[in-house]
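Working notes, beginning with the structure itself.
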Amino acid sequence: MATRFVRNSETSVWRDCLLKWYFSHYLGFLTNTVNPNFWLGTLIHQALSEWYLGNVEHPEHYFWWLAEMSIEQERGARILIDGDDFDMDSLSSLRAYRDMGVVMLEGYVEWAEKNDDFDVIDTEVAYYIDLENHDGESFTFVGRFDLLCENSDGIWVRDFKTAKDFRATETVSQDSQFRRYPWMVAEAHPQWAEDIRGSVWVGLRKIVPSGRSKPPYFESYPIELTSEELAGTKREVVAEVTSIMRTESELNSGANPDDLIYPSPTYDCAWKCNFFRNGMCESWRAGLAVSEYGRSFGSCGNDPYAEYKEDFENAVPTIGRREGGE
C-alpha cells in the first residue's frame with residue numbers, strides 16, 4: 001500500500017486555501033459543529049445511493065430517517081458540550097434542512113423517472129490508484145463516486161450536487177473532479193477505456209417550490225472527455241500532489257508554518273469554510289496558537305483518510321454488474 005493517500009477534495013482545498021489545507025489535512029482538525037449545507041448534501045447522497053442500488057423504494061423516507069438519527073445524535077452531543085447553555089438554533093436549522101430535503105427528493109424521483117437513461121454499475125464505490133510523484137515517492141489517489149453508470153453512449157460518472165442555484169455548464173466543467181473521476185475508472189479498468197465518456201453533473205436545487213419560485217429545480221450537465229484529456233489529467237494529478245507532498249515534507253522537517261502557509265480569503269468563506277465560521281482563520285492572522293484555540297470547536301490529530309484505510313482491504317479492483325457482479 002502506498003505511504004500517502006490523496007483525494008481530489010484535498011487537492012481542491014490545497015488550490016483554494018493553503019491555510020484551510022493546513023488545518024484540515026495537515027493538523028487533522030475535525031470540527032464539532034455541523035455545517036447544515038454539507039449535512040444536507042451528505043444525507044441526500046446516501047439516500048440516492050440506496051435508491052439507485054434498489055435498496056429503498058422511497059429515498060425521501062430513507063433521508064428522513066437518516067436526518068432524524070443525525071439530529072438526535074447532534075442534540076446529545078450539543079448538550080454534553082454546552083450543557084444548560086445549549087443553543088437550539090443549530091437544531092432548528094437542521095430540522096428546516098431536513099424538511100427541505102424531503103421535498104427535494106420527492107421532486108427528484110419524479111424528474112429522474114423522466115430523465116434517467118442508463119443502467120447502474122455501482123454507487124459510492126471507492127477507487128485506489130497507485131502513483132509516484134516527481135520525487136519518486138509513492139502515493140495512492142483515492143476517490144468515491146456517487147454513481148457509476150452506462151448507457152448507449154458509454155460509461156459515465158454521475159455526481160450529485162445540492163445547490164442554491166445552478167451554475168453555468170462552462171463553470172461546472174472546470175471542476176477537477178469531473179475529469180479525475182472518469183480518469184480513475186480508466187486507470188482501474190483499462191479494458192473499459194474506450195467506453196468511458198466522462199462525467200455528468202446532476203444538480204438538486206435547495207428550495208421548496210412555491211408560487212414565487214421558478215423551475216428548473218433539477219438539472220444535469222454532461223461533460224464529455226477525450227482520451228487526451230484523460231491522459232493530461234494524470235500528469236496534472238502527479239504535479240499537484242508533488243507540490244503538496246513537498247510542502248508536507250518541509251513542515252515535517254521543522255519548517256516554520258508561517259513561512260509556508262497563508263489564507264486565501266474569498267466571498268465563499270462565509271458559508272463554505274468552518275475555519276472562517278469558528279474564527280480559527282482570524283486567530284491565525286492574529287498570531288494565536290490555533291491548535292489551542294481550536295480545541296473549543298473540535299479536535300486536531302484526526303486522520304482525514306480513515307474511512308479509505310478501513311475500506312482498503314475490501315476494495316475490489318474490478319467492480320459492478322457490468323462484469324457479472326451483484
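What's counted below: heavy atoms across the whole structure, side chains too, no hydrogens, waters or symmetry copies.
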query: If we only count heavy atoms from C-beta on, is the Arg4 to Val241 side-chain gap below 4.5 Å?
result: no
Tyr127 and Phe145 aromatic ring geometry - parallel, tilted or perpendicular at 30°/60° bounds: parallel
Shortest non-hydrogen separation from Arg205 to Lys164 and the atoms involved: NE-O, 3.6 Å
Which atom of Glu60 lies closest to which atom of Val102, heavy atoms considered: CB-O, 3.8 Å
- prompt: Are Val34 and Leu30 connected in the hydrophobic side-chain network, where two residues link if heavy atoms are under 4.5 Å apart?
  reply: no
message: Would you say that Ile44 contacts Phe160 through its side chain, given a criterion of any heavy-atom pair below 4.5 Å between the two side chains?
response: no
- line: In terms of heavy-atom contacts, Leu19 and Cys281 come closest through CD2-SG, 3.9 Å
Interatomic spacing from OG1 in Thr247 to CH2 in Trp21 - rounded to 0.5 Å: 6.0 Å
message: With rounding to the nearest 0.5 angstrom, report the CG to CG distance, Leu94 to Leu40.
response: 10.0 Å
task: Give the intermediate values and the outcome of side-chain contact (heavy atoms from CB on, under 4.5 Å) for residues Tyr221 and Phe178.
output: CA-CA 11 Å; Tyr221 303 145; Phe178 293 109; over 6 Å; no
query: Considering all heavy atoms of both residues, which atom of Gly154 and which atom of Arg197 are nearest to each other, and what is their separation?
result: CA-CG, 3.9 Å
field: Check: Phe166 ring centroid to Trp201 ring centroid under 6.0 Å
entry: yes
query: Is there a donor-acceptor pair under 3.5 Å between the side chain of Asp135 and the backbone N or O of Glu137?
result: no
query: When the ring centroid of Phe5 is compared with that of Tyr308, is the distance short of 6.0 Å?
result: no
- prompt: Measuring from Lys206:NZ to Leu204:CG, what's the distance to the nearest 0.5 Å?
  reply: 11.0 Å
message: Less than 4.5 Å apart, side chain to side chain, heavy atoms only: is that true for Asp130 and Ser138?
response: no
query: Would a hydrophobic clustering, with Ile, Leu, Val, Met, Phe, Trp and Tyr connected at side-chain separations under 4.5 Å, put Phe276 with Tyr26?
result: no
Donor-acceptor contacts under 3.5 Å from residues 260-268 side chains, at least two apart:
from   : atom 1 : to     : atom 2 : distance (Å)
Thr266 : OG1    : Asp268 : N      : 3.2
Asp268 : OD1    : Trp271 : NE1    : 3.4

field: Working for side-chain hydrogen bond (donor to acceptor under 3.5 Å, both in side chains), residues Thr11 and Arg180
entry: CA-CA 11 Å; Thr11 62; Arg180 294 181 179 183; 2.9 Å; yes
message: Could you go through Ser176 and Asn8, starting from their C-alpha distance and side-chain angles, then the distance that decides it, and tell me whether this counts as side-chain hydrogen bond (donor to acceptor under 3.5 Å, both in side chains)?
response: CA-CA 8 Å; Ser176 61; Asn8 189 67; 3.0 Å; yes
- line: Taken to the nearest 0.5 Å, the spacing of Trp183 CH2 from Ile129 CD1 works out to 6.0 Å
Between Tyr22 and Trp284, ring centroids under 6.0 Å: yes
task: Please assess Trp14 against Ser243 for the test side-chain contact (heavy atoms from CB on, under 4.5 Å), listing each intermediate value before the final yes or no.
output: CA-CA 10 Å; Trp14 169 267; Ser243 298; 4.0 Å; yes
Which pairs of donor and acceptor atoms, one on a side chain in residues 63-70, lie under 3.5 Å apart (sequence neighbours left out)?
from  : atom 1 : to    : atom 2 : distance (Å)
Glu68 : OE2    : Arg98 : NH1    : 2.5
Ser70 : OG     : Trp39 : NE1    : 2.7

task: Quick one: pull up OG1 in Thr233 and CD in Gln177 and give me the separation to the nearest 0.5 Å.
output: 12.5 Å
field: Distance (rounded to the nearest 0.5 Å) between Lys114 NZ and Phe218 CZ
entry: 11.0 Å
Any Arg158 side-chain heavy atom under 4.5 Å of Phe118 side chain: yes
- prompt: So do Asp146 and Leu48 actually touch side chain to side chain, heavy atoms under 4.5 Å?
  reply: no
query: Quick one: does Leu225's side chain get under 4.5 Å of Arg179's, heavy atoms only?
result: yes
statement: On a heavy-atom basis, the closest approach of Glu229 and Glu224 is OE1-O, 3.8 Å
message: Between Arg212 and Pro209 (side chain of the first, backbone of the second, donor and acceptor by atom type, cut-off under 3.5 Å), is there such a pair?
response: no
- prompt: Does any donor atom in the side chain of Arg7 or Ser9 lie under 3.5 Å from an acceptor atom in the other side chain?
  reply: yes
- request: Apply side chain to side chain contact (heavy atoms under 4.5 Å, CB included) to Arg277 and list each qualifying residue two or more places apart in sequence or on a separate chain.
  value: Asn35, Pro36, Asn274
Verdict with supporting geometry, Val13 and Ser24, side-chain contact (heavy atoms from CB on, under 4.5 Å): CA-CA 9 Å; Val13 170; Ser24 59; 4.1 Å; yes
field: Side chains of Cys17 and Phe23 in contact at under 4.5 Å (non-hydrogen atoms)
entry: no
query: For the residue pair His58 and His61, does the interplanar ring angle fall in the parallel (under 30°), tilted (30 to 60°) or perpendicular (over 60°) class?
result: tilted
Passing candidate, salt bridge (Lys or Arg N to Asp or Glu O under 4.0 Å) with Glu240, options Arg15, Arg235, Arg246, Lys234: Arg15
- prompt: Yes or no on side-chain hydrogen bond (donor to acceptor under 3.5 Å, both in side chains) for Asn55 and Tyr62, after CA distance, side-chain angles and deciding distance?
  reply: CA-CA 10 Å; Asn55 294 332; Tyr62 185 60; over 6 Å; no
query: Does some side-chain heavy atom of Glu187 sit less than 4.5 Å from a side-chain heavy atom of Tyr128?
result: no
- prompt: Do you know which two heavy atoms are closest between Ser213 and Ile207, and how far apart they sit?
  reply: CB-CD1, 3.6 Å
query: Ser253 side chain to Ser249 main-chain N or O, any donor-acceptor pair under 3.5 Å?
result: yes
- request: Given side-chain contact (heavy atoms from CB on, under 4.5 Å), test Trp51 with Val109 step by step and report yes or no.
  value: CA-CA 10 Å; Trp51 183 59; Val109 169; 4.0 Å; yes
